[in-house]
Undergrad: 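Okay, here's the structure, questions in a sec.
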Amino acid sequence: MPDLSQRHTFGIASRCRVLHEFCSVQQLLDLYPRETPCYIMGEGSNTIFTEDYDGLVLVNKITGVEACHEPGGVSLRVGAGENWHTLVAYTIEQGWGGLENLALIPGSVGAAPIQNIGAYGLEVGERISQVEVVDVVTGNTFTLTREECQFGYRDSRFKRAEAKYWVVTDVHFWLANDITPVTAYAELAALDNPTPVEIFNKVIEVRQQKLPDPAVLGNAGSFFKNPTITTSEYEALKQLHPTIPGFVVNDHQVKVPAAWLIDNAGFKGHCIDGVCCYHRQPLVLVNQHQATGEALLALARAIQQKVSQLFSVTLAPEVRLLGKQGRIEL
Ligand code: FAD
Ligand code: EPU
């Protein structure tokens, strides 16, 4: 049985029944099984295998970067199996701004639109023009425009039931010459009229300070999403906990940092059997030492329970958790 421990960045020791890499749409369609459960993945940085997976794992290795200079900017068509950070670094080297805020996010280009990766004030959906998809059951290929992708915070149409058999094969980006640098985020606001290269370097520096490197300490980035609550719920919480931060989403909703909730629930640095709540960023759970799926789920559930009890806020996982038969919910 193929070993999965090096295929997902959290690194829990696990295996699957069969694993194949595919380099083209035809190869994917030939490999896609009729019955066995099947999981499509890129680099496993948002996927955690909590135990052996009784199915087939197909890893996207479709490569290629095509750049086309057009009046007003550059359009790019990138194979879903390309590495995300390598793409960002390449665009910066070429002098094309637009993706710099998303530097150093692990994973593949094809996974980027699935949860609409975001960091330091930018979401990838803002730079995507189209996404090419194949339905592995019908074999049909089609293209979705940015609007059709229905991007939201850590969300897109690719997470809906209708997309169960869709695989992203290529992603198109539009990098306009006149993009305004995104510098609202506190760490970037201190820079004076920065170039894309300066933002790229700063984002890398900040990320290296805050987040554990998965090559050194297994993790899958933020384990939970930042919850969105109503303005009145937020005001009630603020009465009880005056220091709770909140970011206005719209007239009715406020986003609360899950890191603050977990920190103030006392979990920072807390461990269960080799799985720890990271001491610098409690939203990140780490594989400190030979973590098991049971330990991870126990810590995640303990955090959820305590946060709900103390703040009446539900934390939803940001990562994909997989068990023997496929997706598991917390
Ligand atoms: P995988 O884990 O392989 O897959 C993720 C999901 O996408 C799965 O459901 C999978 O089935 C699906 N999928 C993958 N490829 C395809 C495809 N071609 N077609 C259809 N479905 C597909 N995320 C952020 O948004 N912002 C951050 O700042 C951030 N920081 C991180 C920091 C660290 C240290 C780590 C470990 C993770 C971080 N993440 C962040 C999460 C992660 O990097 C992203 O979610 C990334 O897009 C995952 O890419 P992947 O190829 O590893 O996806
Ligand atoms: N905080 C604490 N205690 C801590 C750390 C943080 O209370 O120990 C509070 C502070 O109030 C801080 C706030 O949490 O201002 C937010 O922390 P941070 O800026 O580190 O960002 P985050 O909201 O925890 C989100 C994304 C990250 C992304 C960063 C930067 C989610 C779920 N996470 O984290 O994405 O890199 O912003 O934009 O939205 C990921 O998705 O895997 C990921 C790492």
Side-chain angles (χ1 to χ4, degrees), residues 7 9 20-29 31 40-47 58-120 122-134 136 141-149 151 156-158 166-179 181-182 195-201 203-204 207 214-215 221:
R7 296 272 180 178
T9 58
H20 289 297
E21 296 183 344
F22 60 93
C23 302
S24 67
V25 171
Q26 192 53 53
Q27 218 178 358
L28 165 64
L29 295 176
L31 287 166
I40 303 286
M41 63 188 283
E43 300 184 20
S45 62
N46 209 34
T47 297
L58 294 179
V59 182
N60 195 323
K61 292 285 177 185
I62 297 175
T63 55
V65 180
E66 294 164 29
C68 184
H69 291 269
E70 293 176 27
V74 178
S75 70
L76 292 170
R77 176 177 185 246
V78 186
E82 292 284 347
N83 173 266
W84 174 259
H85 177 72
T86 305
L87 171 69
V88 177
Y90 166 75
T91 60
I92 295 299
E93 271 161 34
Q94 298 299 311
W96 308 328
L99 299 178
E100 55 276 9
N101 297 60
L102 304 177
L104 216 60
I105 297 181
S108 61
V109 167
I114 309 298
Q115 73 154 2
N116 184 21
I117 56 169
Y120 299 97
L122 182 72
E123 290 182 335
V124 74
E126 295 169 66
R127 301 287 182 257
I128 287 176
S129 51
Q130 298 179 67
V131 177
E132 289 182 51
V133 178
V134 62
V136 286
T141 55
F142 54 97
T143 300
L144 297 179
T145 61
R146 173 193 301 153
E147 289 70 29
E148 287 168 339
C149 292
F151 290 119
S156 75
R157 189 168 170 185
F158 302 105
W166 296 359
V167 176
V168 171
T169 57
D170 295 273
V171 183
H172 297 235
F173 302 88
W174 171 243
L175 304 179
N177 293 334
D178 61 354
I179 288 176
V182 179
T195 62
V197 181
E198 285 163 345
I199 295 176
F200 175 80
N201 289 333
V203 166
I204 290 175
R207 291 184 69 97

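Below, each value reflects all heavy atoms present in this structure, side chains not excepted, and no hydrogens, waters or symmetry copies. The shown structure was predicted, so the numbers you read here are calculated from the model rather than taken from an experiment.
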Undergrad: Minimum heavy-atom separation for Ser156 and Pro113, please, with both atom names.
TA: OG-O, 3.2 Å
Undergrad: Would you give the length of the straight line joining atom CD1 of Ile114 to atom CZ of Arg157, rounded to the nearest 0.5 angstrom?
TA: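 If I round to the nearest 0.5 Å, the distance is 12.5 Å.
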Undergrad: If the condition is side-chain hydrogen bond (donor to acceptor under 3.5 Å, both in side chains), which residues does Thr169 pass it with, not counting sequence neighbours?
TA: none
Undergrad: With a 4.5 Å cut-off on side-chain heavy atoms, are Leu144 and Trp166 touching?
TA: yes
Undergrad: For Val59, enumerate each residue passing the side chain to side chain contact (heavy atoms under 4.5 Å, CB included) test, keeping only those at least two apart in sequence or located in another chain.
TA: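 Expected list: Arg7, Leu19, Glu21, Met41, Val57, Lys61.
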Undergrad: Could you pull out all residues at least two apart from Asn83 that satisfy side chain to side chain contact (heavy atoms under 4.5 Å, CB included)?
TA: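 Expected list: Glu43, His85, Thr86.
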Undergrad: Could you pull out the closest heavy-atom pair between Ala119 and Ile105, with the gap in Å?
TA: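 Looks like CB-CD1, 4.1 Å.
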Undergrad: Where do Asn60 and Ala80 come nearest, in terms of heavy atoms and distance?
TA: ND2-CB, 3.4 Å
Undergrad: Residues two or more places apart in sequence or in another chain: which of them pass salt bridge (charged side-chain N to carboxylate O under 4.0 Å, His left out) with Arg77?
TA: Glu66, Glu132, Asp170
Undergrad: Working note: Thr47 + Thr9, criterion side-chain contact (heavy atoms from CB on, under 4.5 Å); need CA distance, chi angles, decisive distance, verdict.
TA: CA-CA 8 Å; Thr47 297; Thr9 58; over 6 Å; no
Undergrad: For Thr195, what residues pass the side chain to side chain contact (heavy atoms under 4.5 Å, CB included) criterion, not counting sequence neighbours?
TA: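 Side chain to side chain contact (heavy atoms under 4.5 Å, CB included) list for Thr195, sorted by chain: Val197, Glu198.
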Undergrad: Looking at side-chain heavy atoms only, is the closest gap between Leu99 and Leu175 below 4.5 Å?
TA: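 In short, these two side chains touch, coming nearer than 4.5 Å.
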Undergrad: Heavy-atom distance under 4.5 Å between the side chains of Ile62 and Ser24, does that happen here?
TA: no
Undergrad: Using a 3.5 Å distance criterion without hydrogens, assess whether the side chain of Gln27 forms a donor-acceptor pair with backbone atoms of Cys23.
TA: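 Flag set: sc Gln27 to bb Cys23 pair under 3.5 Å.
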Undergrad: Within a strict 4.5 Å, meaning less than it, do heavy atoms of the Thr143 and Val133 side chains meet?
TA: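 Heavy-atom side-chain distance check fails, nothing below 4.5 Å.
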Undergrad: Under 3.5 Å, is there a donor-acceptor pair between the side chain of Gln94 and the main chain of Ile92?
TA: no
Undergrad: Which heavy atom of Ala67 sits nearest to which heavy atom of Leu76, and what is that distance?
TA: CB-CD2, 3.6 Å
Undergrad: Identify, with sequence neighbours excluded, every residue that meets ring-ring contact (aromatic ring centres under 6.0 Å, His included) alongside Phe151.
TA: none
Undergrad: Quick one: side-chain hydrogen bond (donor to acceptor under 3.5 Å, both in side chains) partners of Ser45, sequence neighbours excluded?
TA: none
Undergrad: Is the backbone of Gly125 close enough, under 3.5 Å, to the side chain of Asn116 for a donor and an acceptor to pair up by distance?
TA: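 It does hold such a pair.
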Undergrad: Does any N or O in the side chain of Glu82 come within less than 3.5 Å of the main-chain N or O of Leu87, such that one atom is a donor and the other an acceptor?
TA: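 Side chain of Glu82 to backbone of Leu87, a donor-acceptor pair under 3.5 Å: no, none is there.
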Undergrad: Please answer whether the main-chain N or O of Gly81 pairs with a side-chain N or O of Thr63 as donor and acceptor at a distance below 3.5 Å.
TA: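 Side chain of Thr63 to backbone of Gly81: no pair is present.
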Undergrad: List the steps, then state whether side-chain contact (heavy atoms from CB on, under 4.5 Å) holds for Val203 with Leu104.
TA: CA-CA 8 Å; Val203 166; Leu104 216 60; 5.8 Å; no
Undergrad: Do the non-hydrogen side-chain atoms of Leu29 and Val136 ever get within less than 4.5 Å of each other?
TA: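 In short, these two side chains touch, coming nearer than 4.5 Å.
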Undergrad: Sequence neighbours excluded, which residues qualify as side chain to side chain contact (heavy atoms under 4.5 Å, CB included) partners of Ile179?
TA: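 Applying side chain to side chain contact (heavy atoms under 4.5 Å, CB included) to Ile179 gives Arg127, Ala176.
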Undergrad: Does Arg146 reach the main-chain N or O of Ile128 with its side chain, forming a donor-acceptor pair under 3.5 Å?
TA: yes
Undergrad: Checking Trp96 now: which residues fulfil ring-ring contact (aromatic ring centres under 6.0 Å, His included) with it, not counting sequence neighbours?
TA: His69, Tyr90
Undergrad: Looking at residues at least two apart in the chain, or sitting in another chain, which of them share a ring-ring contact (aromatic ring centres under 6.0 Å, His included) with Phe173?
TA: Trp84
Undergrad: Holding to side-chain hydrogen bond (donor to acceptor under 3.5 Å, both in side chains), I want the full list of residues that pass it with Glu70, two or more places apart in sequence or in another chain.
TA: Ser75
Undergrad: Going by the rule side-chain hydrogen bond (donor to acceptor under 3.5 Å, both in side chains), which residues pair with Gln130 if we only count those two or more places apart in sequence or in a different chain?
TA: none
Undergrad: Are side-chain heavy atoms of Gln115 and Asn46 found at a separation under 4.5 Å?
TA: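 With C-beta onward as the side chain, the pair touches.
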Undergrad: Could you state the interatomic distance from CG (Asn101) to CZ (Phe200), rounded to the nearest 0.5 Å?
TA: 11.5 Å
Undergrad: Does the side chain of Leu31 reach to within under 4.5 Å of the side chain of His20, using non-hydrogen atoms?
TA: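 Yes, close enough: below the 4.5 Å cut-off.
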